[in-house]
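One structure below.
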Amino acid sequence: MRPGNNKSIEEMFNSISSRYDFLNDIFSFGLHRFWKRKLLDILNPTFGEKWIDICCGTGDMSIMLARYIKSSENIIGIDSAAQALLVARERSKQNYSSIEWINGDALETNLKSDQFDGVLMAYGLRNLSSSFAGLKEALRILKPGGRAGILDFRSFEGRCIQGLFQKFYLSFYVVPIASLFGLGKEYSYIKKSLINFPSGEKQIHLALSAGFKKAKYQTLANGQMGILLLEA
């Protein structure tokens with residue numbers, strides 16, 4: 001569920017929002033929860049800090065953050081897909097009712113500058129119309145010294161075993177299973193979204209060019225996923 005001036009992506013995520021989390025569990029064998037927890041462990045958000053989950057989708061990352069800091073205060077989730085946010089609001093209303101859900105654009109959040117201690121983004125950067133603009137906006141709303149963590153598929157340059165495995169996995173596992181639920185067309189977008197998605201080294205360059213003071217990239221899931229870690 002990804003803001004960023006891309007109406008087709010927004011409409012697609014609206015259409016799959018009711019099954020999004022269920023399918024994520026199938027496609028990742030439930031490991032996406034481990035990867036998101038890994039992101040939180042690295043960033044180490046603490047009680048009292050203010051955090052925003054950009055491209056929050058159905059809210060699983062925001063809720064995981066609330067569990068992590070044992071509070072749903074000072075957490076905002078923002079996404080352009082209204083249907084996804086309905087799912088997020090419903091799943092959070094009982095135990096995490098203080099999370100604020102905003103229907104908005106990741107490239108123009110209209111939020112005040114220098115207000116967040118941390119930014120999270122899970123599987124959103126590659127779906128923005130401009131990765132650079134998304135990083136610039138994340139930097140703008142972060143306090144000086146604030147930190148950001150961005151989790152996404154790893155983009156491979158050239159031919160390599162890991163890249164070939166990724167293509168095989170997407171083409172012969174993800175899309176066929178999604179097709180069983182009538183969502184083959186919707187999930188075929190993942191492979192397309194990786195075509196122009198920057199590699200880890202390029203993400204570091206983009207982040208530093210956007211104004212971040214520090215940027216590093218690390219891989220997980222046998223090199224299939226990557227985390228971009230940033231300091232404002």
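Residue numbers run from 1 in the order of the sequence given.
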Any side-chain donor-acceptor pair under 3.5 Å between R154 and Q166? no
Less than 4.0 angstrom from a charged side-chain N to a carboxylate O is my criterion; do R33 and D60 meet it? no
Hey, what do you get for CG (L39) to CD1 (I227), rounding to the nearest 0.5 Å? 5.0 Å
Indicate whether any N or O donor in one side chain lies under 3.5 Å from an N or O acceptor in the other, for D105 and S80. no
Assess, by modelled atom type and distance only, whether the side chains of K50 and Q115 contain a donor and an acceptor separated by less than 3.5 Å. yes
Report yes or no: do F47 and I75 belong to one cluster of Ile/Leu/Val/Met/Phe/Trp/Tyr joined by side chain heavy-atom distances under 4.5 Å? no
I161 CD1: over 12 foreign heavy atoms closer than 6.0 Å: no
When you look at OH of Y173, are more than 12 heavy atoms from neighbouring residues, nucleotides or ligands closer to it than 6.0 Å? yes
D114 and K143 ion-paired at < 4.0 Å: no
Please check this pair: side chain of T219 against backbone of G223, looking for a donor-acceptor N/O pair closer than 3.5 Å. no
Measure from the side-chain N and O atoms of D53 to the backbone N and O of S62, and report whether any donor-acceptor pair falls under 3.5 Å. yes
Please name all residues satisfying salt bridge (charged side-chain N to carboxylate O under 4.0 Å, His left out) with D152, sequence neighbours left out, ordered by chain then number. R126
Looking at K216 and E231, does any basic side-chain N land under 4.0 Å from a carboxylate oxygen? no
When you compare the side chains of S92 and W101, does any donor N or O come within less than 3.5 Å of an acceptor on the partner? yes
Is there a donor in the side chain of R91 and an acceptor in the side chain of Y96, or the other way round, less than 3.5 Å apart? no
Validation: residues 195-206 side-chain donor-acceptor distances under 3.5 Å, sequence neighbours left out:
unit_1, atom_1, unit_2, atom_2, d
S199, OG, K202, N, 3.4
K202, NZ, E157, OE2, 3.0
Q203, NE2, P198, O, 3.1

Ignoring hydrogens and angles, state whether a donor on the side chain of Y123 or N24 is under 3.5 Å from an acceptor on the partner side chain. no
Backbone N or O of F168 within a donor-acceptor pair of the S171 side chain at under 3.5 Å? no
If you compare all heavy atoms of L128 against all heavy atoms of C55, which two are closest, and at what distance to 0.1 Å? CD2-SG, 4.0 Å
